[in-house]
Amino acid sequence: MAAKKTDKKIHKIGMIGGSMKSFMGNIHRQAIEKAGNLKIVGGSFGTSKQASYDFIKPLGLNVDDLFPSYRDFLRREKTRKGDNRLLFVSAVLPNTMHYPIAMTAMDCGVPILGEKPFTSNIDEAANLVRKQKATKVPYRIAMVYPAYSQLVHARNLLVKGEIGTIRRFYISMQSGWMAKRVENQGNTQALWRVDGKRNGVGGVLNDCGCHCQFVLEWLTGFEISEVCAGAYACVPGRLIPDDATVLVRTKQGIGGTFMMSQIATGHNEGLMVEITGDKGTLIWRQCEPG
């Protein structure tokens, strides 16, 4: 007799932001679809009601699942019980919105999967850490690097001491897509990134620095203790940095460099990691992840 087929349980989730024109929103929706056991059932999806309507049509949602603001959505979720509760909410918005949404979600007891950086300044970061410890509401940041098999392999090699004692590190995230003022040509992704009120005054440091920091500490187990940053707005007319270099020292006494740029003409390789030991050097490039 054939074994009885059991249906996979579908977990309900929500989304804040991530309209059809959102770059990261599309990436999150693809990941949700590939997971196979997650389904978006409601949220607050766009900066306008029409943008939200455009979002819910292909998802098969009805208007009752659409909320004019993330606060209304999260407060409604606070009242739900049992199987009607969401497993988590995915928040996909410009950088300065990550903090208020996470704080509201924790007040409402809603687990949240946020984008990086989790805040845009150190005061907000400290407040968010205190709030999470007090509420115990699960909070995670969407970092893809532990899903790269060769980067996991690299981490194991470092743990085993295959390159010997680590002497230095160099991590870069450089691209040239903002080498010209594309924000004046209708590029919505560039438009919010050059706005300190939406990106944060750190500019490229906010946008790319967290990638370098995460990968260093996750790969090596080191903890960053000191930084010295030089950040510049290279393209005339911009007010926040689009290029930056950071000298880094860890508690373990190892020094290195982070290089971040959105104006590095000709570059489009994503993240690059180089860690040097006394027996060898480990190199990984996101553009050639295998």
Side-chain angles (χ1 to χ4, degrees), residues 9-120 124-125 127-128 130-132 134-143 188-189 191-193 195 197-200 206:
K9 183 177 180 179
I10 303 299
H11 298 282
K12 300 174 183 177
I13 66 171
M15 182 171 277
I16 299 173
S19 68
M20 285 304 176
K21 293 182 179 180
S22 166
F23 174 73
M24 287 307 301
N26 185 49
I27 290 175
H28 277 238
R29 286 192 298 275
Q30 289 181 41
I32 289 165
E33 184 177 340
K34 288 179 179 178
N37 63 340
L38 302 174
K39 180 178 174 58
I40 300 173
V41 298
S44 177
F45 307 110
T47 54
S48 69
K49 187 173 286 188
Q50 186 59 51
S52 291
Y53 282 136
D54 292 341
F55 183 97
I56 67 175
K57 287 178 184 177
L59 294 179
L61 304 181
N62 42 53
V63 177
D64 293 338
D65 303 314
L66 176 66
F67 289 81
S69 76
Y70 71 86
R71 289 187 175 87
D72 292 336
F73 172 52
L74 292 171
R75 286 167 184 159
R76 192 282 298 266
E77 186 57 26
K78 184 177 182 179
T79 67
R80 293 198 163 195
K81 306 293 182 183
D83 289 341
N84 288 325
R85 297 265 307 168
L86 299 179
L87 182 65
F88 66 87
V89 168
S90 174
V92 193
L93 302 99
N95 293 345
T96 52
M97 290 302 297
H98 299 173
Y99 171 73
I101 289 172
M103 293 290 278
T104 304
M106 289 176 191
D107 281 335
C108 296
V110 180
I112 188 157
L113 173 68
E115 265 301 328
K116 58 272 178 195
F118 75 116
T119 71
S120 292
E124 289 180 351
N127 287 338
L128 189 54
R130 283 194 291 267
K131 172 74 79 172
Q132 198 281 325
T135 63
K136 302 291 193 297
V137 174
Y139 174 70
R140 297 293 183 269
I141 298 176
M143 280 290 185
T188 56
Q189 292 300 311
L191 193 60
W192 71 259
R193 282 179 168 84
D195 181 355
K197 292 182 179 179
R198 301 174 73 193
N199 187 357
N206 286 5

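No side-chain heavy atom of Asn127 sits less than 4.5 Å from a side-chain heavy atom of Thr119. In this structure, the side chains of Lys131 and Asp107 come closer than 4.5 Å at one or more pairs of heavy atoms. Side-chain atoms of Asn37 and Lys9, non-hydrogen and from C-beta on, never get closer than 4.5 Å to each other. Glu124 places none of its side-chain heavy atoms less than 4.5 Å from the side chain of His98. Residues Pro111 and Leu87 have side chains not in contact (no heavy-atom distance under 4.5 Å, counting atoms from C-beta outward). Contact of the Leu86 side chain with the Ile13 side chain is not registered, since no non-hydrogen atoms from C-beta on lie closer than 4.5 Å.
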Steps toward side chain to side chain contact (heavy atoms under 4.5 Å, CB included) verdict (Leu128, Met103): CA-CA 7 Å; Leu128 189 54; Met103 293 290 278; 3.6 Å; yes
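Remark: the backbone N or O of Ser120 is not paired with any side-chain donor or acceptor of Asn95 at under 3.5 angstrom. No donor-acceptor pair under 3.5 Å is formed between the side chain of Gln132 and the backbone N or O of Pro138. Checking side-chain atoms of Arg85 against main-chain N and O of Glu77 turns up a donor-acceptor pair under 3.5 Å.
Here Asp72 contributes atom CG and Leu66 contributes atom CG; the two are 10.5 Å apart, rounded to the nearest 0.5 Å. Note that the CG atom of Leu93 and the CZ atom of Phe45 stand 11.5 Å from one another [nearest 0.5 Å]. Separation of atoms OG1 (Thr96) and CZ (Arg198) is listed at 8.0 Å; rounding is to 0.5 Å. Note that the CE atom of Met106 and the CZ atom of Arg130 stand 12.5 Å from one another [nearest 0.5 Å]. Summarising the geometry, atom CD1 belonging to Ile101 is positioned 6.5 Å from atom CD1 belonging to Ile112; distances are rounded to the nearest 0.5 Å. Here the straight-line distance linking atom CE of Met15 with atom CG of Leu113 works out to 9.0 Å at 0.5 Å rounding.
When all heavy atoms are compared, the tightest approach of Asn206 to Asn199 is ND2-O, 2.8 Å. Scanning all heavy atoms of the two residues, the minimum distance from His28 to Ser90 falls at ND1-OG, 2.8 Å. In this structure, Val137 and Val110 approach most closely via the heavy-atom pair CG1-O, 3.4 Å.
Residues satisfying the side chain to side chain contact (heavy atoms under 4.5 Å, CB included) test with Asn84, not counting sequence neighbours, are Lys12, Arg80.
Annotation for Arg76: atom CZ counts as buried by contact number, over 12 foreign heavy atoms lying within 6.0 Å.
Identified under the salt bridge (Lys or Arg N to Asp or Glu O under 4.0 Å) test for residues 108-118, with sequence neighbours left out: none. Residue pairs meeting the ring-ring contact (aromatic ring centres under 6.0 Å, His included) criterion with at least one member in residues 61-94, sequence neighbours excluded: Phe67-Phe73.
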